[in-house]
Amino acid sequence: MKDLTEGKPIKVIWLYALPMILGQIAQQLYNFCDSAIVGNCINPEALAAVGATSVISNTLIGFLNSATLGLSIPIARYFGAQDKKNMRKCIGVSAILTLVSAIVLTIVGLLFIYDLLVLLDTPEKIIHMADNYVKYILAGLIFSAVYNFGANLLRAVGDSKTPLIFLSISVVLNIGLDLLFIQVFQSGVAGAAIATVISQAVAGIACFIYIFTKCRFLIPEKDEFHVARADFNDLVQSALAMGFMSCIVNFGTVTLQSSINKLGTNIITAHTAARKIFDILDVVLYIIGNAVTTFVSQNLGAKRIDRVKTGVRAGIIINTIATTIIILIGFPASPLLIRLIAGTNDPAVIDPAVMYIRISVCCFYVLGPLFVLRCAMQGMGRKIVPVLSSTMEMVGKILAVLFLAPALGYLGVAITEPIIWAACTLMLTIMYLSNPPEKMFASISRSSSAYEHD
């Protein structure tokens, strides 16, 4: 366990974030290998089928991951305040909320997934492969929820290394199972999905075995599965705010996918490959934002407001340096990476994908601060502002479907997100400066006092 309330903020945040960055890079490298195996060992249409469903599965998985991150915010705050009893109470209630959410999303997803694929204009030649793939993924959603809850719980108390170990094991297992099911058993896209579900189950089970054997202080007692009204409201609101923040962004991406699907199989394949690389390149920016969330939460609990402000600045500095490095790597390497993933040298696939990557990475200078500011304000208890920024992203993508994509084709898709990032970062900067951390701390203190009085 690591206390984030002591030490130089920029160093503390980086060292805390580094295992999470390595874990996400491992996960994205798995996605890279998974796409390469599907594209090369089956065919490009299979890769397009997987890509056509990724925005849907990412929306549901992203909701659960972000919701469990939201649940970890009050837990981290109590850990920073050294209040272990209330921390365990929050953990018990959070576990129940996570389980119920995963079951509901699994049922809803399995019932309506094919209709959604039709609604998104998924091409007829790949829709049945896409439906087959994503149903296996949805059936294993509970395992993803279990791992994400356990991992975010450990990170809330400063342990970012242990989740990396279990994730790394899962990634290696996943790649091995991909090759087994696809090449040996000839299971097609269903084999890739089954391999993913099995590896997630292993990671989730291993994570909780570790918690129950090595971190007993995190396990609630029988009388600790209830919390005060203030804490319950905080847990639910934090989970919903973070979950819907992710869901709203992904809903906009799902809408944008409908425009991409109308551009044909080559563009679907190009966009799928480009997004796999994008997801690797933006890992550092995203994870630094998540690290700032925990850093802010622990220091808010410890009443270290000076460190909250310094931590936000440190996160932005780290992401700015990272963006420069990403550009230097992403520009020259993008054509080779696209060819490796897509399994083709067809310019109709390679050229649009390279264009998408190069436009995106140049705009990471505004995406990095966006992640830090949004996550920091969530950690400070500002639940509405991050959701507003996500709503702005969704509206921007809907407008792109209506105007930019029809007018500019795939170029319109490629410039949509950078325009949205700039607008959201400007809005979040204004909101952060107009209501700084010390005001938020005073507001939280008044709210807690009122509940205690009740």
Side-chain angles (χ1 to χ4, degrees), residues 31-59 113-137 178 182-183 186-193 196 250 252-279 334-360 397 400-402 404-417:
N31 290 337
F32 183 97
C33 293
D34 181 61
S35 297
I37 292 169
V38 170
N40 287 277
C41 296
I42 307 177
N43 53 53
E45 286 74 22
L47 179 60
V50 173
T53 68
S54 62
V55 290
I56 301 170
S57 57
N58 288 346
T59 297
I113 187 61
Y114 187 82
D115 294 331
L116 185 54
L117 289 171
V118 173
L119 184 63
L120 292 173
D121 293 319
T122 306
E124 184 66 28
K125 66 188 297 186
I126 65 171
I127 190 169
H128 293 294
M129 269 197 298
D131 180 61
N132 190 28
Y133 174 83
V134 76
K135 280 183 176 175
Y136 281 103
I137 296 295
D178 264 346
I182 293 174
Q183 284 198 307
Q186 298 292 307
S187 302
V189 294
T196 298
N250 279 309
T253 304
V254 169
T255 305
L256 196 59
Q257 184 70 39
S258 65
S259 288
I260 295 166
N261 290 348
K262 292 176 182 176
L263 297 174
T265 301
N266 282 337
I267 293 298
I268 296 175
T269 303
H271 188 71
T272 300
R275 286 299 301 188
K276 296 293 184 183
I277 296 171
F278 176 95
D279 290 340
S334 54
L336 174 61
L337 295 174
I338 292 296
R339 285 194 291 271
L340 287 173
I341 291 180
T344 179
N345 291 313
D346 187 352
V349 173
I350 303 299
D351 293 346
V354 170
M355 175 192 69
Y356 181 93
I357 293 169
R358 288 178 172 174
I359 289 174
S360 295
K397 289 174 181 177
V401 170
L402 296 175
L404 281 179
L408 302 175
Y410 191 59
L411 174 62
V413 174
I415 65 174
T416 293
E417 288 183 314

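One is the number of the first residue; the rest follow in order along the sequence.
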ask   = Donor-acceptor pair, Q186 side chain versus Q183 backbone, under 3.5 Å?
value = yes
Side chain to side chain, T269 and D346, heavy atoms closer than 4.5 Å = no
task = Kindly give the heavy-atom pair with the smallest separation between R339 and I350, and that separation in Å.
result = CG-CD1, 3.5 Å
note = Note: I338 and A353 closest approach over all heavy atoms is CD1-CB, 3.4 Å
Heavy-atom side-chain contact between Y133 and H128 under 4.5 Å = no
ask   = With side chains defined as the heavy atoms from C-beta onward, is the minimum distance between Y114 and I127 less than 4.5 Å?
value = yes
message = I need the K397 NZ to L402 CG distance, nearest 0.5 Å.
response = 14.5 Å
request  = Calculate, to the nearest 0.5 Å, the distance between atoms CG and OG1 belonging to D178 and T196 respectively.
outcome  = 6.0 Å
request  = Decide yes or no on side chain to side chain contact (heavy atoms under 4.5 Å, CB included) for R275 and D279, but give the supporting numbers first.
outcome  = CA-CA 6 Å; R275 286 299 301 188; D279 290 340; 3.8 Å; yes
key: pair R358-P335: side-chain heavy atoms closer than 4.5 Å   = yes
Student check: side-chain heavy atoms of N261 and I267 closer than 4.5 Å = no
task = Hey, could you give me the OH/CD1 distance between Y356 and I277, rounded to the nearest 0.5 Å?
result = 11.5 Å
inquiry  = Ignoring hydrogens, what is the shortest heavy-atom contact between I182 and A192? Give both atom names and the distance.
reply    = CD1-CB, 3.9 Å
request  = Compare every heavy atom of N132 with every heavy atom of A190, then report the nearest pair and how far apart it is.
outcome  = CB-ND2, 3.6 Å
query = Is the closest side-chain heavy-atom distance between H271 and F278 below 4.5 Å?
reply = no
remark   = When rounded to the nearest 0.5 Å, the distance separating CE of M355 from OG of S334 is 11.5 Å
Steps toward side chain to side chain contact (heavy atoms under 4.5 Å, CB included) verdict (V413, L408) = CA-CA 8 Å; V413 174; L408 302 175; over 6 Å; no
message = Do T416 and V401 make a side-chain contact, defined as non-hydrogen atoms from C-beta onward lying under 4.5 Å apart?
response = no
ask   = For P352 and P347, which heavy atoms make the closest approach, and how far apart are they?
value = CD-O, 3.5 Å
message = For N266 versus A348, what's the shortest heavy-atom pair and its separation?
response = ND2-CB, 3.8 Å
query = Taking atom CG of D131 and atom CD1 of I126, what is their separation to the nearest 0.5 Å?
reply = 12.0 Å
inquiry  = Are the side chains of L263 and I268 in contact, using a 4.5 Å heavy-atom criterion?
reply    = no
